[in-house]
Amino acid sequence: MQNGFVESFHGRLRDECLNEHLFPNLRHARHLIAAWREDYNHHRLHTSLDGPTPREYHQWTIEDQTLNRANL
């Protein structure tokens with residue numbers, strides 16, 4: 001295993017998106033994968049982050065860094 005997070009992501013993508021759909025063409029595949037990725041990154045809570053979505057977690061990280069710089 002090279003990277004557990006990447007392996008986990010690829011498994012979820014395969015199980016939840018790629019194995020669930022038949023893609024008649026590349027355009028359709030891109031559309032469905034983009035919709036899955038949007039849901040995965042912006043709407044789905046992640047237990048590995050203790051609950052928030054990756055977008056929320058990233059925003060909190062930026063805010064924390066800003067506050068830490070202001071307190072220096």
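Just the heavy atoms: all of them, side chains too, but no hydrogens, waters or symmetry mates, feed the values below.
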Residue pairs passing the ring pair (Phe, Tyr, Trp, His ring centres under 6.0 Å) test where at least one lies in residues 7-28, sequence neighbours excluded: Phe9-Trp36, Phe9-Tyr40
Glu16 CD to Leu18 CG distance, which is reported to the nearest 0.5 Å: 10.5 Å
Contacts of type side chain to side chain donor-acceptor pair (under 3.5 Å), residue Glu38, not counting sequence neighbours: none
Which residues share a side-chain contact (heavy atoms from CB on, under 4.5 Å) with Asn19, sequence neighbours left out: Arg14, Asp15
